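Letters go in sequence order (proteins before strands), and every chain restarts at 1. Keep in mind that this is a model prediction, so the values were computed, not measured.
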4 protein chains.
Amino acid sequence: MALDIEKLQLAPAYRVVSDDLRRRIVAGSLEQGDILPTETELASRFGVHRSTIREGLRQLEQEGLLRRDGKKLLVSMPRQSDLASTAERALRLRQVNFRDVWEVASALEPLCASLAARQITADELALLERSLARTEAVVAAGESPVAADIEFLDLVASATHNQALRLARGPVSLLMHAGYAAIAPALPQSGPRLLAVHRQMLDALRQRDAALAEAIARRHMQDYRRGCEVAGLDMSLPIPPCT
Amino acid sequence: MALDIEKLQLAPAYRVVSDDLRRRIVAGSLEQGDILPTETELASRFGVHRSTIREGLRQLEQEGLLRRDGKKLLVSMPRQSDLASTAERALRLRQVNFRDVWEVASALEPLCASLAARQITADELALLERSLARTEAVVAAGESPVAADIEFLDLVASATHNQALRLARGPVSLLMHAGYAAIAPALPQSGPRLLAVHRQMLDALRQRDAALAEAIARRHMQDYRRGCEVAGLDMSLPIPPCT
Amino acid sequence: MALDIEKLQLAPAYRVVSDDLRRRIVAGSLEQGDILPTETELASRFGVHRSTIREGLRQLEQEGLLRRDGKKLLVSMPRQSDLASTAERALRLRQVNFRDVWEVASALEPLCASLAARQITADELALLERSLARTEAVVAAGESPVAADIEFLDLVASATHNQALRLARGPVSLLMHAGYAAIAPALPQSGPRLLAVHRQMLDALRQRDAALAEAIARRHMQDYRRGCEVAGLDMSLPIPPCT
Amino acid sequence: MALDIEKLQLAPAYRVVSDDLRRRIVAGSLEQGDILPTETELASRFGVHRSTIREGLRQLEQEGLLRRDGKKLLVSMPRQSDLASTAERALRLRQVNFRDVWEVASALEPLCASLAARQITADELALLERSLARTEAVVAAGESPVAADIEFLDLVASATHNQALRLARGPVSLLMHAGYAAIAPALPQSGPRLLAVHRQMLDALRQRDAALAEAIARRHMQDYRRGCEVAGLDMSLPIPPCT
DNA sequence: GTGGTCTAGACCACT
DNA sequence: GTGGTCTAGACCACG
């Protein structure tokens with residue numbers, strides 16, 4: 001009597017559902033923008049209860065592969081911003097400090113600038129110009145230029161057309177934002193200084209001058225560090241957990 | 001009779017639960033490794049149904065703040081590897097190409113090397129030595145050195161003690177891995193070459209020579225690009241969606 | 001977007017276990033008398049908890065495919081007697097009456113006798129002789145001959161080598177037993193009368209005289225009915241639920 | 001000091017539960033169709049864990065005294081069909097052959113017919129008429145009349161109002177069905193022939209002619225045997241173990 | 001919220 | 001050590 005018994009592996013129904021749909025999305029048999037059948041329909045197709053379907057869909061939504069638009073359930077790409085905020089939260093929890101973030105940003109932002117100078121389109125230049133105009137208004141009004149800087153840098157990053165780069169700098173950008181917001185009030189000059197940098201960067205990009213753009217970005221990052229020193233901020237301090 | 005009725009809390013009960021627990025975790029009153037009470041216990045403490053508790057816990061699990069070990073529910077930090085694999089999947093779906101990934105890696109890996117040279121501990125050096133020994137065995141056996149390279153670089157990244165950097169390079173590392181695996185079979189010299197780089201890097205780190213380590217990392221990244229050329233791989237090709 | 005989704009079929013682990021083992025038994029890869037591994041061993045082989053194994057084994061035990069002998073778990077055939085007692089209980093619950101049982105017995109016992117006369121072996125004849133001897137002792141002692149009659153008739157039924165017949169008459173025999181036991185005390189002659197019938201039957205079987213054996217069985221059944229009349233028993237009364 | 005110690009209660013808790021409930025059912029304090037409290041409720045009433053309750057309930061379910069309808073647990077009688085299928089499986093495992101089954105059926109079906117002729121009600125006659133009409137349609141369509149024959153004979157058996165008889169013939173009927181299904185395709189005349197027998201039987205029952213009904217049933221059984229001969233089926237072959 | 005299922009671990013009795 | 005029993009708690013699917 002030789003019993004050759006295999007180990008059982010039992011996947012719960014909701015995981016079978018989510019795995020099946022994920023496979024179809026990744027494999028391309030469900031394309032971005034496709035509308036899924038109703039939950040009831042899916043329930044009857046899979047032969048399980050609607051709750052089970054919902055449990056599976058929940059997972060895919062959180063992965064960003066599905067998105068709800070009104071009542072419709074659309075196949076979608078995970079949004080860079082969703083991933084960024086998740087990562088940002090994780091980093092804050094791990095008590096990442098300003099210096100760590102700054103170090104990474106110092107590597108990525110010049111790369112962004114350099115690549116953007118090579119890849120940027122006219123449309124993207126126009127977007128940057130509009131952003132610059134808004135920044136001028138903000139600075140003229142004496143308001144905090146932090147949000148404006150973030151917007152500008154995000155646009156530059158977009159202009160690289162490098163998804164991996166955008167994804168990598170996403171959370172770093174958010175955290176730099178937080179750090180900058182902490183010191184900006186103590187630096188009355190930060191607004192005009194920022195504005196000048198943005199103008200130089202836009203010029204460099206217009207001229208497709210990658211080396212110049214990169215140098216400006218590098219200087220911009222140095223400004224941050226100098227700002228911290230001037231403001232008396234210890235870069236070893238962790239960025240506080242938000243929320 | 002004047003009824004002063006409070007505005008209804010529109011936050012669903014499960015969100016109250018998850019927010020409360022998240023606050024305790026973030027505030028440190030629940031520490032990493034702590035075991036939560038049973039769901040039943042939580043349900044009675046919060047005065048809600050167990051299903052509600054479960055819904056709240058689910059949210060925290062997906063945030064990575066809770067982790068199940070067997071039946072136990074422990075407080076935990078989000079794992080870098082989880083975030084990395086999610087991000088990796090997203091990038092593959094967006095059909096990121098080898099060049100994009102390589103560009104980012106070329107910025108981050110030298111930074112890793114440089115910082116690691118300054119921050120690495122004796123223990124971490126020992127880990128790298130063991131990794132190198134394994135790589136030697138793998139290369140001697142003529143097996144693929146891809147996994148060994150990944151392991152080595154991950155250890156270097158850990159030695160920076162920079163969470164932001166580790167998180168940013170996580171998905172990039174996974175994708176480089178995939179790209180390297182695609183070309184390695186066509187490059188019989190890649191094993192010995194890799195081994196030499198690892199040895200040089202370990203030496204540089206031992207000597208705390210940041211500039212040298214950075215230079216080696218830069219050269220390592222150049223090797224990748226040259227490998228692609230030799231293997232005839234078009235770096236504009238998207239990395240295929242896995243799984 | 002054509003979604004061709006298969007219905008999920010999720011078998012619980014304990015059913016996978018029982019189905020797997022049942023298949024092996026029915027297919028013959030586990031033979032009657034084989035000893036199964038311990039529950040703990042099975043649990044580790046299947047990769048599930050012992051409780052899950054027990055749940056699966058329970059099913060097979062109740063089907064009669066497994067039997068416990070001390071600590072050992074043996075592969076076995078379902079026993080006719082188990083099925084009979086289950087059926088007997090069901091019939092009592094449904095308040096089956098003496099007449100119903102008698103009617104069925106009147107059809108089956110003569111058939112038993114007839115077939116036994118054709119199929120009986122020497123060994124079986126010997127068993128019947130020993131049974132007859134015990135009956136003589138019982139009757140001589142003035143004890144109740146009910147059990148003796150049951151034993152004799154069961155032996156005759158066995159001698160038909162017809163499993164379907166044995167199974168069909170099983171519960172009927174048990175209930176006749178109960179009915180007979182109710183009236184026997186009121187019939188002092190029943191012992192000797194029974195003994196005479198057994199002797200005649202044994203003779204008929206020895207001579208392989210199917211017609212005679214059948215006639216004797218028929219008469220035997222008539223004796224039961226007459227006994228009821230003599231004892232003043234209303235055959236429409238239900239046989240009481242036992243236990 | 002005299003210690004009078006009672007024998008320990010060796011009955012396990014789950015058995016106390018099942019015995020208690022069985023007693024209530026058999027005694028009638030729980031009637032057929034009554035709904036039991038939830039398992040949780042029973043657990044708290046008996047003061048044991050839910051698993052223990054479940055163990056007890058399982059026993060009663062397998063005895064057929066309880067039945068689940070959706071989530072409800074109702075008191076019920078054991079179903080003849082459950083017992084029949086268990087017995088059928090046992091017989092197949094024991095490799096019962098066609099002849100054995102046929103022999104028993106030859107004794108029981110005529111008895112059914114005879115008793116039914118005496119006991120049948122107007123309602124039951126109407127059911128038989130409807131069954132006959134369906135059979136006519138099936139035969140006219142050239143489909144297999146096997147299921148129709150089973151239905152008709154089961155209705156006749158029901159009309160005897162003899163539970164013992166119905167229970168005894170249950171598994172035999174199932175196995176005859178299997179045997180008939182095996183040969184029916186080879187007998188193009190079997191449909192019309194069957195239809196004629198059903199019509200005659202219905203007439204005999206309408207006229208309450210027990211002797212005629214019995215004779216028709218006897219002939220019907222002979223038809224089966226002849227069918228086997230015509231189809232070239234060896235009646236000594238075992239009916240194969242199903243599933 | 002209910003039942004079905006699974007895991008985990010414990011204690012006892014046998015042996 | 002093995003099986004029998006019991007408790008506890010958790011996950012899952014359904015409604």
Side-chain angles (χ1 to χ4, degrees), chain A residues 8-18 39-40 43-44 46-56 58, chain B residues 35-44 48-55 57-58 61 68-73, chain C residues 8-18 35-44 46-59 61 66 68-73, chain D residues 8-18 35-44 46-59 61 66 68-73:
Chain A
L8 303 181
Q9 67 231 0
L10 302 170
Y14 75 92
R15 254 171 65 63
V16 176
V17 169
S18 63
E39 293 178 347
T40 311
S44 86
F46 277 106
V48 297
H49 195 264
R50 202 182 77 144
S51 314
T52 307
I53 295 292
R54 289 178 63 75
E55 185 77 22
R58 190 198 317 277
Chain B
I35 298 176
L36 256 60
T38 67
E39 295 178 346
T40 311
E41 171 70 12
L42 288 171
S44 84
V48 297
H49 191 263
R50 193 164 73 96
S51 311
T52 307
I53 296 292
R54 288 177 59 71
E55 185 75 22
L57 295 180
R58 191 197 318 277
E61 281 183 81
R68 295 195 182 269
D69 175 28
K71 302 275 163 168
K72 282 187 264 300
L73 199 57
Chain C
L8 303 182
Q9 66 232 0
L10 303 169
Y14 76 92
R15 253 170 66 63
V16 176
V17 169
S18 63
I35 298 176
L36 256 61
T38 66
E39 294 178 345
T40 311
E41 171 70 11
L42 286 172
S44 87
F46 277 106
V48 296
H49 195 262
R50 183 165 74 103
S51 311
T52 307
I53 295 293
R54 288 178 60 74
E55 185 78 23
L57 296 180
R58 190 198 317 280
Q59 179 64 26
E61 285 183 75
L66 293 180
R68 295 196 183 268
D69 176 27
K71 303 262 168 175
K72 281 188 264 301
L73 199 56
Chain D
L8 293 180
Q9 292 290 5
L10 289 180
Y14 76 91
R15 175 171 286 286
V16 174
V17 169
S18 63
I35 298 176
L36 256 62
T38 66
E39 295 178 345
T40 312
E41 171 71 12
L42 286 171
S44 85
F46 278 104
V48 296
H49 195 264
R50 185 165 74 102
S51 310
T52 307
I53 294 292
R54 287 179 58 74
E55 184 77 24
L57 295 181
R58 190 196 319 280
Q59 178 64 27
E61 282 182 78
L66 293 180
R68 296 198 182 265
D69 176 28
K71 301 268 167 170
K72 283 187 264 299
L73 199 57

Exercise. What integer distance in Å separates D:Arg15:CZ from F:dG4:P?
Worked result: 13 Å

Problem set entry | Spacing between C:Ile53 atom CD1 and E:dT5 atom P, to the nearest angstrom | 15 Å

Exercise. Within a reach of under 6.0 Å around CZ of A:Arg15, are more than 12 heavy atoms found that belong to other residues, nucleotides or ligands?
Worked result: no

For this session: Considering just the side-chain nitrogens and oxygens of D:Arg50, establish if one lies under 4.0 Å of OP1 or OP2 belonging to E:dG4.
Result: no

Exercise. When we call it a touch if two heavy atoms are under 4.0 Å apart, what does B:Glu39 touch: a base, just sugar-phosphate, or nothing?
Worked result: sugar-phosphate

Problem set entry | D:Arg58 and D:Glu61 ion-paired at < 4.0 Å | no

Problem set entry | Minimum side-chain heavy-atom gap D:Ile35-D:Asp69 below 4.5 Å | no

Seminar exercise, completed: Of D:Glu55 and A:His49, the one whose nearest nucleotide on DNA chain F sits closer to the 5' end is D:Glu55

For this session: Taking only the side-chain nitrogens and oxygens of C:Arg54, find out if one of them lies under 4.0 Å from OP1 or OP2 of F:dG4.
Result: yes

Problem set entry | B:Leu57 CG to F:dG9 P, straight-line distance once rounded to whole Å | 16 Å

Problem set entry | Atom-to-atom span, CG of C:Asp69 to C1' of E:dT15 - whole angstrom | 14 Å

For this session: Find out whether B:Leu36 and B:Leu57 are in side-chain contact, i.e. whether some heavy atom of one side chain is under 4.5 Å from a heavy atom of the other.
Result: yes

Exercise. Which base, if any, makes a Watson-Crick or G-U wobble pair with E:dC14, both distances under 3.5 Å?
Worked result: F:dG1

For this session: Report yes if some heavy atom in the side chain of C:Thr52 is under 4.5 Å from a heavy atom in the side chain of A:Leu8; otherwise report no.
Result: no

Exercise. OP1 or OP2 of E:dT5 less than 4.0 angstrom from a side-chain nitrogen or oxygen of C:Ser51, does that happen here?
Worked result: no

Exercise. Taking the nucleotide of DNA chain E with the closest heavy atom to each, which residue, C:Ala11 or D:Thr40, is nearer the 5' end?
Worked result: D:Thr40

For this session: Whole angstrom is fine here: how far is it from CD in C:Glu41 over to P in F:dT2?
Result: 9 Å

Exercise. According to a strict under-4.0 Å criterion, is D:Tyr14 in side-chain N/O contact with OP1 or OP2 of F:dC6?
Worked result: no

Problem set entry | Phosphate OP1/OP2 of E:dG1 contacted by D:Thr38 side-chain N/O (<4.0 Å) | no

